[in-house]
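Below: the structure, in structure tokens.
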Amino acid sequence: QEQLVESGGGLVQAGGSLRLSCEASGRTFSSWAMGWFRQAPGKEREFVATISEYGGNAYYADSVKGRFTISRDNAKNTVYLQLNSLKPEDTAVYYCAGDSTGWGAPLVSGYDYWGQGTQVTVSS
């Protein structure tokens, strides 16, 4: 059973940066598309970014484009999300997700493996 474990969340002031990590267990990570999603209190989980199996293609939500960067290291079974120029509205629980089909659609329903989430809080 594949498992995803996120880390790197925390409290940061507006304008600051964080780097989230998500490590996968198992031996099929390199064949998955990987995504990051977030969920703020009282809101639905929303797409943030996705990256293809070998990292050649990435796609971002408009709200984070130019500020966040998704990357992956298949040798370490890890996907990253660099968060720069953070805003209070970025406050949420951030989840990484794996799509074993390799498609990587920007949809919650497109992913079959999920981590437990890591809290990001941005103060104004």
If every non-hydrogen atom of Q119 is compared with every non-hydrogen atom of V93, which pair is closest and at what distance?
OE1-CG2, 3.2 Å
Above 12 or not: heavy atoms from other molecules or residues under 6.0 Å from CG of D112?
yes
Please give me the minimum heavy-atom distance between S21 and T78, naming the atom from each residue.
CB-CG2, 4.3 Å
What heavy-atom pair brings M34 and C22 nearest, and what distance separates the two atoms?
CE-SG, 4.5 Å
Shortest non-hydrogen pair, S124 vs P88, comes out as CB-CG, 3.8 Å
Can you get from Y111 to V79 by hopping between Ile, Leu, Val, Met, Phe, Trp and Tyr side chains that sit under 4.5 Å apart?
no
Side chains of P106 and E46: does their closest heavy-atom pair fall under 4.5 Å?
no
Out of curiosity, N57 CG to T50 OG1, how far, rounded to the nearest 0.5 Å?
9.5 Å
Using every non-hydrogen atom in the two residues, find where W32 and G98 come nearest and quote the distance to one decimal.
CE3-CA, 3.7 Å
Q3 CD: over 12 foreign heavy atoms closer than 6.0 Å:
no
Please determine if R45 forms a cation-pi arrangement with Y95, meaning its NZ or CZ atom is less than 6.0 Å from the six-membered ring centre and no more than 45° off the ring axis.
yes
I'd like to know if the side chain of T91 reaches the main chain of V122, judged simply by a donor and an acceptor atom lying under 3.5 Å from each other, with no hydrogens or angles considered.
yes
Expected output: side-chain S17 to main-chain N84 donor-acceptor under 3.5 Å
no
By the definition side chain to side chain contact (heavy atoms under 4.5 Å, CB included), identify the one residue from D73, T69, I51 that meets it with Y80.
D73
Taking the basic N atoms (NZ, or NE/NH1/NH2) and the acidic carboxylate oxygens, is any pair closer than 4.0 Å for K76 and E23?
no
Within the side chain of R67, is there an N or O that forms a donor-acceptor pair under 3.5 Å with the backbone of L83?
no
Within one Ile-Leu-Val-Met-Phe-Trp-Tyr cluster: L81 and L18, side-chain cutoff 4.5 Å
yes
Can a donor-acceptor pair be found between the side chains of T28 and E2 at a distance below 3.5 Å?
yes
Can you see whether Y54 engages S31 through a side-chain donor-acceptor pair at a distance of less than 3.5 angstrom?
no
Taking V64 as the starting point, is it possible to reach V108 by hopping between hydrophobic residues whose side chains are less than 4.5 Å apart?
no
Separation between SG (C96) and CZ (R72), nearest 0.5 Å, reads 11.0 Å
Electrostatic pair K65-D62, nearest N-O below 4.0 angstrom:
yes
Measuring centre to centre across the rings, with the benzene-like ring taken for any Trp, is F37 within less than 6.0 Å of W114?
yes
Looking only at heavy atoms, the pair that brings S30 and N74 closest together is CB-ND2, 3.7 Å
Candidate pair L86 and Q13, rule side-chain contact (heavy atoms from CB on, under 4.5 Å), full reasoning
CA-CA 8 Å; L86 281 161; Q13 289 187 333; over 6 Å; no
Run L20 and Q82 through side-chain contact (heavy atoms from CB on, under 4.5 Å) and show every step you take.
CA-CA 6 Å; L20 308 183; Q82 178 68 40; over 6 Å; no
Inter-residue atom distance E44.CD - R38.CZ, 0.5 Å rounding:
14.0 Å
Do the two ring centres, one from Y60 and one from F47, sit under 6.0 Å apart?
no
If you apply the rule ring pair (Phe, Tyr, Trp, His ring centres under 6.0 Å), what do you find for F68 with W36, and how did you get there?
CA-CA 11 Å; F68 292 6; W36 285 95; 10.0 Å; no
Quick check: is L4 connected to I70 through a chain of hydrophobic side chains (ILVMFWY, heavy atoms under 4.5 Å apart)?
yes
